[in-house]
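Residues: numbered from 1 along the sequence shown. FYI, side chains are in, hydrogens and waters are out, and symmetry mates aren't considered; it's all heavy atoms of this structure.
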Amino acid sequence: MKKFITLLLLLILPLGGLAGNNVPKAKLSAFISEYRHCPGVELVKMGAFPTMIIKNLIRANIEDDPEDRAAMEAISGVRKIMIFEFEDASAAVRNRMVRNLDEILGGSELLMEVKDDDDRMLMYGVVDEKSGKVRDFVLYAPDECALICLFGSISMNAIAKLASYND
């Protein structure tokens, strides 16, 4: 999984000049709040404090391995994590959620779309060429009914280091 994410993020790096529209964090949070209690919906939501604790636990347990350090560097700027999965919701609710998410994310810059057979993964975020970071990275798989939001920033230099270890 780490190799897949690394490869996808590396492919995003050259698209830095294309990204202009911010990811609508407030609308995504409102969407999740609206649907989080529906039957068949699962949510893992970590704010700044739990995310910091998890990063510190990971940092304390990584070996003296350059790949582990690069992975930690890549996620060090992530401040908030939300994983929203709605595959087990009723068909009507799933369809409404997909329409709502398409509308919410429709104004954001699509960094990349990955297709595998009938499944799609859409990636949104704001690439800052000056800092070499992607801010507010969103992975959305409408066919799998999954949304992953990494709010904060991800270092593209660290992603490039990670990719070099996977060659």
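Residues forming a salt bridge (Lys or Arg N to Asp or Glu O under 4.0 Å) with Lys27 (at least two apart in sequence, or on another chain): none. With sequence neighbours excluded, the residues forming a side chain to side chain donor-acceptor pair (under 3.5 Å) with Ser131 are Asp128, listed by chain and number. Under the side chain to side chain donor-acceptor pair (under 3.5 Å) criterion, Asn56 pairs with Arg59, not counting sequence neighbours. With sequence neighbours left out, Phe31 forms a ring-ring contact (aromatic ring centres under 6.0 Å, His included) with Tyr35, Phe84. For Glu103, the side chain to side chain contact (heavy atoms under 4.5 Å, CB included) test picks out no residue, with sequence neighbours left out. Legend: residues meeting side chain to side chain contact (heavy atoms under 4.5 Å, CB included) with Asp143, ordered by chain and number and at least two apart, are Asp119, Arg120. Scored by the side chain to side chain contact (heavy atoms under 4.5 Å, CB included) test, Thr51 finds Met46, Lys55, Val78, Ile81 as partners (sequence neighbours excluded).
Taken from CD1 in Ile58 to OG in Ser76, the straight-line distance is 11.5 Å, to the nearest 0.5 Å. To the nearest 0.5 Å, the span separating CG on Asp88 from SG on Cys38 amounts to 13.0 Å. Here the CD-CG distance, from Glu85 to Leu43, works out to 10.5 Å after rounding to the nearest 0.5 Å. A distance of 15.0 Å separates NZ in Lys25 from CD1 in Ile104, rounded to the nearest 0.5 Å. The CG atom of Leu28 sits 5.0 Å away from atom CG of Leu105, with the distance rounded to the nearest 0.5 Å. Rounding to the nearest 0.5 Å places CD of Glu144 at 10.5 Å from CZ of Phe86.
Counting heavy atoms from C-beta outward, Leu122 and Pro142 have side chains that approach closer than 4.5 Å.
No continuous path of ILVMFWY side-chain contacts below 4.5 Å connects Ile83 to Leu57, so the two sit in separate hydrophobic clusters.
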### Task
May I have the step-by-step check of side chain to side chain contact (heavy atoms under 4.5 Å, CB included) for Met97 and Val41, ending in yes or no?
CA-CA 11 Å; Met97 286 188 217; Val41 170; 3.6 Å; yes
Give the table of side-chain donor-acceptor pairs shorter than 3.5 Å for residues 147-155, with sequence neighbours excluded, one pair per line with atom names and distance.
from   : atom 1 : to     : atom 2 : distance (Å)
Ser155 : OG     : Asn157 : N      : 3.4
Ser155 : OG     : Ala158 : N      : 3.2

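Residue pairs that meet the salt bridge (charged side-chain N to carboxylate O under 4.0 Å, His left out) test with at least one member in residues 32-46, sequence neighbours left out, do not exist here. For residues 36-55, the set of pairs meeting the ring-ring contact (aromatic ring centres under 6.0 Å, His included) definition, not counting sequence neighbours, is empty. Pairs passing the salt bridge (charged side-chain N to carboxylate O under 4.0 Å, His left out) check and including a residue from residues 70-81, sequence neighbours excluded, read Glu73-Lys161.
Annotation for Leu110 and Met123: closest pair CD1-O, 3.5 Å, computed over non-hydrogen atoms. Considering every non-hydrogen atom in both Ser108 and Val23, the closest pair reads OG-CA, 3.7 Å.
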